[in-house]
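Everything below concerns the one structure shown next.
All values reported here derive from a predicted model rather than from experimental measurement.
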Amino acid sequence: GRSATDTYCLTLRRSARMNFCRHMKEGFNTKHASGVLLRKKRLEKCGRSGELLTHIKPSHVRNTSRTDVRSPEDLFAAARGAGFEV
């Protein structure tokens, strides 16, 4: 890829024995057919399932009434509440 994130994420997933949230690297990319809008409840579901690896781009955080994750601050608060850590 352009920035090698595919290789990096797959290596991280294997070496840390982590699973992708929603079983895909960019599960919140709505440009993909199986991607869904980023929401707090979806992060919480991933956390409960032990799926603690995800690749979220700035474009996945949207200032729209359809989601409760509208800013970077919302994202980090929701992720921490769902069990994600950096």
Side-chain angles (χ1 to χ4, degrees):
R2 292 171 297 171
S3 61
T5 58
D6 286 336
T7 302
Y8 174 75
C9 284
L10 292 174
T11 300
L12 177 62
R13 183 177 66 86
R14 281 192 296 263
S15 63
R17 296 186 181 140
M18 298 176 79
N19 293 313
F20 284 123
C21 182
R22 303 197 63 252
H23 307 287
M24 51 193 305
K25 185 180 110 189
E26 290 183 32
F28 302 108
N29 184 349
T30 57
K31 293 180 182 175
H32 294 303
S34 55
V36 297
L37 197 62
L38 177 59
R39 291 193 175 126
K40 183 179 176 182
K41 69 178 182 177
R42 290 181 173 145
L43 284 173
E44 291 169 349
K45 183 178 179 183
C46 289
R48 284 191 309 272
S49 301
E51 300 169 358
L52 299 175
L53 180 61
T54 189
H55 183 123
I56 298 174
K57 294 180 178 180
S59 63
H60 302 165
V61 179
R62 302 167 192 262
N63 187 10
T64 176
S65 62
R66 296 179 357 184
T67 182
D68 53 3
V69 180
R70 297 184 183 108
S71 68
E73 293 81 9
D74 290 344
L75 170 63
F76 284 98
R80 178 154 307 266
F84 290 80
E85 296 181 10
V86 176

Stepwise, does the side-chain contact (heavy atoms from CB on, under 4.5 Å) test hold for Lys25 with Leu10? CA-CA 9 Å; Lys25 185 180 110 189; Leu10 292 174; over 6 Å; no
Any heavy-atom pair between the side chains of [Y] and [X] that's under 4.5 Å?
X	Y	answer
Lys45	Arg42	no
Phe28	Val36	yes
Phe84	Thr54	yes

I'd like to know whether Thr64 forms a side-chain contact (heavy atoms from CB on, under 4.5 Å) with Arg70, so could you lay out the CA-CA distance, the side-chain angles of the two residues, the decisive distance to 0.1 Å, and finally the verdict. CA-CA 7 Å; Thr64 176; Arg70 297 184 183 108; 5.8 Å; no
Walk me through it: do Val61 and Asp74 pass the test side-chain contact (heavy atoms from CB on, under 4.5 Å)? CA-CA 9 Å; Val61 179; Asp74 290 344; over 6 Å; no
Looking at Arg22, is its backbone amide N or carbonyl O close enough to the side chain of Glu51 to form a donor-acceptor pair, meaning the two atoms are under 3.5 Å apart? yes
Short question: side chain of Arg62, backbone of Leu38 - any donor-acceptor pair under 3.5 Å? no
Just how far is it from atom [atom1] of [X] to atom [atom2] of [Y], taken to the nearest 0.5 Å?
X	Y	atom1	atom2	value
Cys46	Asn19	SG	CG	10.5 Å
Ser49	His23	OG	NE2	7.0 Å
Leu12	Leu53	CG	CG	5.0 Å
Met24	His55	CE	NE2	12.0 Å

Residue pair [X] / [Y]: nearest heavy atoms and the distance that separates them:
X	Y	value
Leu37	Thr30	N-CG2, 3.6 Å
Arg13	Met18	CG-O, 2.6 Å
Lys40	Val69	N-CG2, 3.7 Å

Does Arg48 form a side-chain contact (heavy atoms from CB on, under 4.5 Å) with Glu44? I'd like the steps, not just the answer. CA-CA 6 Å; Arg48 284 191 309 272; Glu44 291 169 349; 3.7 Å; yes
